[in-house]
Amino acid sequence: MDYKYIEMLLERYWACDTSLEEEEILRAFFSQKDVPSSLKAYKDLFVYEHEAQKTERLGDDFDQKMLDMIADEKPAKARTVSLKAKLMPLFRAAAVVAIILTLGNAMQMATDQRDNSAASHIPAASSNKGASVAVVKSDSMKLDTLQKTGVVQPGGIVK
């Protein structure tokens with residue numbers, strides 16, 4: 001049997017050019033039990049809509065159930081929000097900033113103490129006069145001050 005008309009209707013259906021009557025013809029054709037194997041791929045598309053209409057129907061009391069559900073709703077109460085609740089995100093942000101600053105200061109103090117303890121372990125420079133002074137090369141400000149007062153000569157030698 002030649003199914004040229006059905007194939008032509010399918011092409012028009014995919015191009016969205018079919019009328020409602022032509023779509024009904026396609027539904028009726030694919031509702032049959034004997035559909036050619038070349039067109040079986042399209043059967044589910046047209047049969048699904050027809051079968052869904054048979055199985056899925058709303059009951060007669062659906063409207064009444066919906067109206068009852070809407071009528072049972074209680075009005076929403078306004079909720080008061082305290083000032084503390086409004087400012088809570090600000091408090092949390094301030095706490096995070098305080099923690100970060102505290103940790104940063106603690107790390108800075110730890111590195112300063114490590115530098116100071118390293119300076120105390122440097123052996124002192126000796127001189128013929130018997131006096132010795134420990135000089136840290138990284139602490140140039142103290143060295144400059146001692147040189148200006150005349151206590152230490154350039155190179156770390158004590159007068």
Side-chain angles (χ1 to χ4, degrees), residues 7 10-18 20 23 26-27 30-31 35 37-159:
E7 290 174 358
L10 281 173
E11 287 179 22
R12 291 188 59 211
Y13 180 79
W14 297 127
C16 301
D17 290 336
T18 55
L20 293 176
E23 289 178 15
L26 286 171
R27 279 190 212 99
F30 284 109
S31 297
V35 176
S37 60
S38 62
L39 299 175
K40 276 199 184 227
Y42 306 114
K43 181 175 182 171
D44 292 334
L45 176 70
F46 293 100
V47 173
Y48 173 77
E49 184 180 330
H50 191 267
E51 288 178 2
Q53 287 177 355
K54 289 180 184 176
T55 59
E56 296 177 15
R57 291 203 59 203
L58 297 177
D60 296 332
D61 60 340
F62 177 77
D63 290 336
Q64 187 59 41
K65 286 181 183 178
M66 284 288 129
L67 290 173
D68 291 341
M69 287 174 59
I70 293 171
D72 288 344
E73 288 185 17
K74 296 176 183 174
K77 293 182 180 178
R79 189 174 63 146
T80 59
V81 180
S82 66
L83 181 63
K84 182 180 176 184
K86 287 180 182 177
L87 295 177
M88 190 57 69
L90 182 64
F91 293 153
R92 288 180 182 159
V96 169
V97 169
I99 289 171
I100 290 173
L101 289 176
T102 303
L103 291 175
N105 287 339
M107 289 182 63
Q108 185 177 7
M109 288 178 64
T111 55
D112 288 347
Q113 287 177 357
R114 190 176 63 205
D115 289 344
N116 290 340
S117 66
S120 66
H121 295 312
I122 294 176
S126 62
S127 130
N128 292 338
K129 298 179 183 176
S132 66
V133 177
V135 178
V136 178
K137 291 182 180 179
S138 65
D139 197 359
S140 62
M141 188 169 116
K142 288 182 183 177
L143 183 62
D144 289 343
T145 304
L146 291 174
Q147 287 176 356
K148 286 181 183 176
T149 58
V151 176
V152 176
Q153 293 178 354
I157 300 172
V158 180
K159 287 186 179 180

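All values below come from the heavy atoms of this structure, side chains included, with hydrogens, waters and symmetry mates left out.
- Aromatic ring orientation, Y42 versus F30: perpendicular (interplanar angle above 60°, classes split at 30° and 60°).
- The structure places CE of M88 at 10.5 Å from CG of L83, a figure rounded to the nearest 0.5 Å.
- In terms of modelled atom types and a separation under 3.5 Å, the side chain of R12 and the main chain of T18 share no donor-acceptor contact.
- For Q64, the side chain to side chain donor-acceptor pair (under 3.5 Å) partners at least two apart in sequence or on another chain are D68.
- Nearest heavy atom pair, residue A85 against residue V81, reads CB-CG1, 3.8 Å.
- Residue-environment remark: NZ (K65) stays at or below the threshold of 12 foreign heavy atoms within 6.0 Å.
- Partners of E11 under the salt bridge (Lys or Arg N to Asp or Glu O under 4.0 Å) rule, at least two apart in sequence or in another chain, do not exist in this structure.
- Residues satisfying the side chain to side chain donor-acceptor pair (under 3.5 Å) criterion with E7, sequence neighbours excluded, are absent altogether.
- Residue L103 holds its CG atom at 13.0 Å from CD of Q108, rounded to the nearest 0.5 Å.
- A distance of 7.5 Å separates CG in L26 from CD in E23, rounded to the nearest 0.5 Å.
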